[in-house]
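Written out below as structure tokens is the structure these notes cover.
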Amino acid sequence: MQEQPVIDLEAEKKEILKRYKALLRACKRTLEKGDKLLIRKAFDISLEAHKDMRRKSGEPYIYHPIAVAHICAEEIGLGTTSVVCALLHDVVEDTDLTIDDIKRLFGEKEAKIIDGLTKISGVFDQSSSLQAENFRKMLLTLSDDVRVILIKLADRLHNMRTLESMKRDKQLKIASETLYLYAPLAHRLGLNAIKTELEDLGLKYTEPEVYEDIQKRLKEGEPERKKFISKFIEPIKEILAEQGLKAKIIGRPKSIFSINNKIKTKGVPFEEIFDLFAIRIIIDTEAEKEKSDCWRVYSIVTDFYHPSPERLRDWISTPKANGYESLHTTVMGPEGKWVEVQIRTVRMDELAEKGYAAHWKYKDSANESQLDDWIRKIREILENPQENALEFLDDFKLNLFAEEIFAFTPKGEMKTLPINATALDFAFDIHTKVGEKCIGAKVNHKLVPLSYKLKSGDQIEILTSSKQTPKEDWLGYVVTARAKSKIKNALKEERRKIAEDGREMLERKFNHLKIDFTVQNINELANYFKLPSSQELFYRVAVGNIDLKHLKNFRQEHGKIIHKTGEIAKKADQHKSLEQIVSETRGKSDMLVIGENLQKIDYKLSPCCNPIPGDDVFGFITINEGIKIHRVNCPNALQLLANYAYRVVKAKWTSQELISFLAGIKITGIDELGLVNNITKLISNELNVNMRSISFDTNDGTFEGTIMVFVHDTNHLTELMKKLKKVNGVLSVTRLDNN
Ligand code: MN
């Protein structure tokens, strides 16, 4: 809706009511006596509380809570309590209403959920980020009530759907957060439909050109795909009907995000991705016949099309930990094309799309325990809060997207673990004490080290010793968040004890030199050694990592130590806080223009993604190295944008002067005589580009090469890559993200 000079309030009122009525219709399935009144009450309060507020688009603010409630009811399948909380989710944060008001007006449960949905406000400290703290707070509520996360996901989904009206830097921040945390979270809770939409929207705003390109190509191929799909399903449909199986068959396009992922990770161009869609067969059958009927359908499909022996996945006998159940196979379809076929029941399909919320509907389902099991584990991690929210988040995130394996205890109990989990992860999964005392394991009766990577079907017996304690290098052996946090806690406890000793040692030394053992003096010394905390100083003193002879270079004045050479004054200056650096940098300019050093801002092109002019970039304020320029699609960008938005500065390239920038290119092809020679000749002679390095690996007639070249901008690079593609024998030419 365009912002208009005169707002038609009457029309708006009508529209609000219309949207509210649509919400009620979406709630109909779950409405019980009295529910309608509750929803009306929440709506009236929200409408009144937000009455003078508008969204960035100019629309009345109330559209947003109504939409979030609508998503909760219709797309996630939540009940009245959630709808009420969704309608009120922003009132405590944005208006004068308090949590106590909510408690009085609705109840304890509602107040708790809304508290979980309200952001923490306050100052950020150097080592963490407010964003990460907020994520942690939200996740903490997971153990109380999963609905908080589900409503938060609905909130995020609506914000992503309406991101268009935001400024570019806001879009980037919100979209990065979404890809970094919310989409994985939706995945882990089994909300496939929402996860897919969040990912696609995330890509749309982080890499708009890539998104639009794939979207366009998908659209172009659509008529042909449709024809192919109907040809594929025709014979199957007939037999299904003949055998009296009620089934719905659909051809489902893969998401733009997943297609882009394939292009990126496999290095294949769009044209060569065969699975742009999957065929899904959803059968309507009785509970007892689910499994056998799915296999019946499998049998029918493979009567017509030959299955690939490596591509059969049975997630019906062993559902994924997020509750997903389905039978997947890839078969050779018409025209010699591989086609993925997913076979499932109506119940399984609803679970796959709506996830956790749908589980309540099928309470006796065996998978409920799988998700509950996951939540139980998360709860345990959360009960041991680490000081650093970012660290916590990284560990937590690790476990959101992992593929899974399953392994067995000696008694035959099944455990689901992420892929690459080791014997040590397994030990911690059984019990913290078992993990801490673990010295090795027997896998399928054979002795293996702690670092042994488990395979699906392994049976594991953990060996323990009462003498064992967790070691620093164990952190390198484990992949589960649970094991990581348990080991870190044990190590921190150990470190704390050692630091205690160090503190006593330092106090004796101070006494000996007649220096007052004050907090101020301790901090001065920690500063001098560039250590983040006194705890760290004590620890290093205890392990002998710090030479206390330096203390001789200090003198004491009025109880305060000062470095004799005056160096301390300079040091203190260097020790500006991050907040100071951020505000000073921001004060200089709003937009960093790269290549034009008028603003006297210290910047560097980040080596992790080697940005060149023409790339979409942003600046990131660092403590010691000025501003670092990253590409928006840098492998580290999501993490930085999601967690440290306040340190991000807008940046663009100057159009003047020809400077050269380093970029990496990967080339693959068929190893032909003289090929390398042809490539280097082309680069240096014809195109006049400077090469910094070139390396080629050949293997059974194919080669893979990496070339580092100096180019002026993206146009220059694209031109070079185009020419390289035309060299005989070259199959693919791609730009390296990092090197
Ligand atoms: Mn909101």
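Scope of the values below: all heavy atoms of this structure, side chains included, with no hydrogens, waters or symmetry mates. Just so you know, ligand 1 is whichever comes first in the structure, and atom 1 is the first atom listed for that ligand.
A cation-pi arrangement is not found for R40 relative to F43, the charged atom failing to lie both closer than 6.0 Å to the ring centre and inside a 45° cone about the ring normal. With a 6.0 Å cutoff to the six-membered ring centre and a 45° limit on the axis angle, R19 counts as a cation-pi contact of Y63.
Neighbouring protein atoms of the Mn ion (ligand 1) (N, O or S, distance under 2.8 Å, waters ignored): H64 NE2, H89 NE2, D90 OD2, D155 OD1.
Sparse packing is recorded around NZ of K170, with 12 or fewer heavy atoms of other residues, nucleotides or ligands lying under 6.0 Å away.
The residues E325 and R347 are annotated as salt-bridged, a charged nitrogen and a carboxylate oxygen being separated by less than 4.0 angstrom.
Taking the six-membered ring for Trp and thresholds of 30 and 60 degrees, H89 and H64 have ring planes more than 60 degrees apart, a perpendicular arrangement.
Of the options I114, V84, D115, I45, a side-chain contact (heavy atoms from CB on, under 4.5 Å) to I102 is made by I114 and by none of the others.
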